[in-house]
Amino acid sequence: MAGRPRVGVLALQGDVREHAALLGELNVDVLSVRNERELSIIDGLVIPGGESSVIDKLSRLFGVAEPLSAAIRAGLPVLGTCAGLIMLARELSDGISGQRTFGGLDVTVQRNAFGSQTESFETDLDVPVLGSTPVHAVFIRAPIVTRAAADVTVLSQLDDRRIVAVEQGNVMGLSFHPEMSGERRFHERFLERVRTRLG
Ligand code: GLN
């Protein structure tokens, strides 16, 4: 149908299907993005969770890393979850040797920040911009934001104040996986950006 936003999911590695399924319920056309041509026809992009070092390598191999960085700088709305947040960070700590990111968020992100003792956990988060109903968040070998520039909006913090959700302009990054707990509000917020930009 003409006029429906075309939303891409970066489909190099990770939980692509979960994001595609959720987006498919939100009245948009969903496309897999693996190369520059596919990137050029979308109105917004979701970067899934998975393994950021693999997403980094494959994105460079397929020639999509540079054009994607440029598209983000040019205002493409992007939502990244977990490894997707890592890929959006300007600076990375505890990356593998030579690991790069696309950028988009002026933050430092620490990979695997909860250590080997805590592979995964679930908790309820307050996210004031989404209203008073808490977000049930699933964290899997999750990163955290250890530095955020002054113009980055912190959307949510754990009880110990560690930052797990941020937004800067057209870009939103989450440490956890809303697509795994049926949480739609972050995707809806991202789609508001997409529709606003389409005009
Ligand atoms: N630890 C992973 C990484 O470094 C991220 C985990 C996830 O996306 N669930 O990319």
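Both ligands and their constituent atoms are indexed starting at 1 by order of listing. The figures here come from the full heavy-atom set of this structure, side chains too, leaving out hydrogens, waters and symmetry mates.
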Original post:
What closest approach, in Å, do A142 and F114 show between heavy atoms, and which atom pair accounts for it?
Top reply: O-CD1, 3.5 Å

Original post:
Should you measure from each heavy atom of G50, which atoms of ligand 1 turn up under 4.0 Å away?
Top reply: 2 (C), 5 (C), 6 (C), 7 (C), 8 (O), 10 (O)

Subject >> Candidate pair M180 and D15, rule side chain to side chain contact (heavy atoms under 4.5 Å, CB included), full reasoning >> reply: CA-CA 9 Å; M180 289 185 181; D15 69 332; 3.4 Å; yes

Original post:
Hey, which atoms in ligand 1 end up nearer than 4.0 Å to a heavy atom of R111?
Top reply: 3 (C), 4 (O)

Original post:
Going by distance only, is there an N or O of A83 that falls short of 3.5 Å from an N or O of ligand 1?
Top reply: yes

**OP:** Could you give me the CA-CA distance, side-chain angles and deciding distance for D56 and R100, then say whether salt bridge (charged side-chain N to carboxylate O under 4.0 Å, His left out) is met?
**Re:** CA-CA 6 Å; D56 167 38; R100 295 188 212 165; 5.7 Å; no

Subject >> Crowding at CZ, R17 (>12 non-hydrogen neighbours, <6.0 Å) >> reply: no

Original post:
When only distance counts, is R141 in polar contact with ligand 1, meaning an N/O pair under 3.5 Å?
Top reply: yes

Original post:
Taking it one step at a time, do L79 and I47 satisfy side chain to side chain contact (heavy atoms under 4.5 Å, CB included)?
Top reply: CA-CA 6 Å; L79 168 64; I47 306 179; over 6 Å; no

Original post:
Considering only heavy atoms of C82, which atoms of ligand 1 have at least one such atom less than 4.0 Å away?
Top reply: 5 (C), 6 (C), 7 (C), 8 (O), 9 (N)

Subject >> Atoms of ligand 1, numbered as shown, that sit under 4.0 Å from any heavy atom of G49 >> reply: 8 (O)

**OP:** For S52, take its heavy atoms, then give the atoms of ligand 1 lying under 4.0 Å from any of them.
**Re:** 3 (C), 4 (O), 10 (O)

Subject >> Distance-only polar pair, side chains of R197 and N170, donor-acceptor under 3.5 Å >> reply: no

Original post:
Under 4.0 Å from ligand 1, counting heavy atoms only, is it the side chain of I86, its backbone, both or neither?
Top reply: side chain

Subject >> Protein contact to atom 1 (N) of ligand 1 [nearest heavy atom, distance to 0.1 Å] >> reply: N112 OD1, 2.6 Å

**OP:** Considering only NZ, NE, NH1 and NH2 on the basic side and carboxylate oxygens on the acidic side, decide whether R147 and D106 come within less than 4.0 Å.
**Re:** yes

